[in-house]
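Scroll down for the structure; my scribbles are underneath it.
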Amino acid sequence: MTKVHNFSAGPSILAESAFAKSVQDIQNFAGTGLSILEVSHRGKQFEAVMAETEGLVRELLGVSDDYDVLFLQGGASTQFFQIPLNFLNNSAAYTDTGTWANRAIKEAQGYGNVNVLASSKDSNYTFIPKNYEVPNDVDYFHCTSNNTIYGTQIQKFPASSVPLICDMSSDIFSRPVDVSKFSLIYAGAQKNMGPAGVTLVIIRKDMYGKKANRHIPTMMDYKIHADNGSMYNTPPVFPILVSKYNLEWVKEIGGLTAMEIRNTEKANTLYDAIDNSPYFRGTTSVEDRSKMNVTFVFEKEYEHLAKKFDAACKEAQLSGLKGHRSVGGYRASLYNALPLESVQQLVNVMKTFA
Ligand SMILES: *Cc1c(COP(=O)(O)O)cnc(C)c1O
């Protein structure tokens, strides 16, 4: 098979070693003679997988014992309502920085007063607003670290005296973060952690005391999942297993500091090519550029060349570059497992095409 360069925005590229090890476990899991897909999640072999995956999350991100690490289902989209369901008593503050942030706001509005502190919607989300202050009388403040569709990323998190909650679906494990600043971090796995089907939630234990005064269904109660080691019900065993192997690879590379260096080199390589090309331009403000999702379009006068460029990309086995319909053009997602060679291949195609 020839090498396909996978720039998919999600589900996305994972480490090859994660696939190889997972295939092995589908055939014979941990020496049980059974497939991972047919054994009890309460057996000691899978309990070990859970413990190791949690251990990797804690080690890589530096998560202290003040936090629980949960593996839930329903995707980041379920967190959009699970968070306000649990913690929105009166009002919450949000920033509106893209499609996903906007969806989180819409869900929260069903539970209380939502104070949208800042929005870049009027400019089609080309930048991250910074001139706002988080009020100290709201239940929490919610932000989105990386705007997957528009290609912007928070470089410096705002100060917050209220619980800081962040959707890190598309840049978790791509760079070190100071977890101690956050009360809750969540991420659908399928961008940078593992395959679709598991949602990572890192929650500070003091949040359990801030529960909203309403009925919370058992499956929506973070504390229930924490008390049961994410096994209140059957967890998504296979996505957790693949995530474990993918995170093992992140650790082998040297952890998040090394990963950030790799990701910066990849992003710089591509942004330099865009900035130095008369044919293309980036779609976002330079200071807010995402290292995970690089969005770019043809300059107006060259738009008629798009079909030819698309054919050249296809020929070079570059996959998943089509921009989201709300931005158009191209989006190259440079998640952890994408090698620098794939970016270089894209840059070569851009140069040859020019
Ligand atoms: C993809 C994405 C989501 C939606 O995730 P699901 O797991 O599909 O619900 C939410 N937020 C961000 C930032 C995303 O990139």
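As the structure lists them, so they are numbered: ligands from 1, and atoms in each ligand from 1.
- Side-chain polar atoms of Asp178 and Ser180 form a donor-acceptor pair below 3.5 angstrom.
- Applying side chain to side chain donor-acceptor pair (under 3.5 Å) to Lys291 and the options Asp171, Thr264, Asn263 leaves one that passes, Thr264.
- Distance from atom 15 (O) of ligand 1 to its nearest protein heavy atom, with residue and atom name: Thr148 OG1, 2.4 Å.
- Between Trp100 and Phe80, the ring planes lie tilted relative to each other; the angle falls in the 30° to 60° range.
- Side-chain contact of Tyr245 with Asp25: a donor-acceptor pair under 3.5 Å is present, judged by distance alone.
- Nearest non-hydrogen protein atom to atom 2 (C) of ligand 1 is Lys191 NZ, 2.5 Å.
- Using a 4.0 Å cut-off to heavy atoms of Gly75, the atoms of ligand 1 that qualify are 7 (O), 9 (O).
- For atom 11 (N) of ligand 1, the nearest protein heavy atom (residue, atom name, distance) is Asp167 OD2, 2.7 Å.
- Remark: side-chain polar atoms of Asp139 are paired, donor with acceptor, to backbone N or O of Asn89 under 3.5 angstrom.
- The distance criterion of under 3.5 Å between nitrogen or oxygen atoms is not met by Thr144 with respect to ligand 1.
- Contact annotation for Tyr186 and ligand 1: no heavy atom of the residue comes within less than 4.0 Å of the ligand.
- In this pair, Tyr302 and Tyr279 present their aromatic rings tilted. The plane angle is within the 30 to 60° band.
- Asp288 and Ser285 share a side-chain donor-acceptor pair at under 3.5 Å.
- At least one N/O-N/O distance between Ser77 and ligand 1 falls below 3.5 Å.
- For the ligand labelled ligand 1, residue Asn146 lies inside the 4.0 Å heavy-atom shell.
- Here the heavy atom of the protein found nearest to atom 5 (O) of ligand 1 is Ala76 CB, 3.5 Å.
- Given atom 8 (O) of ligand 1, the protein heavy atom at minimum distance is Gln190 NE2, 3.2 Å.
- Residue Gly188 has no N or O atom closer than 3.5 Å to an N or O atom of ligand 1.
- A donor atom on one side chain and an acceptor atom on the other are not found under 3.5 Å apart for Tyr111 and Asn86.
- Summary of contacts: the protein heavy atom closest to atom 4 (C) of ligand 1 is Trp100 CZ3, 3.5 Å.
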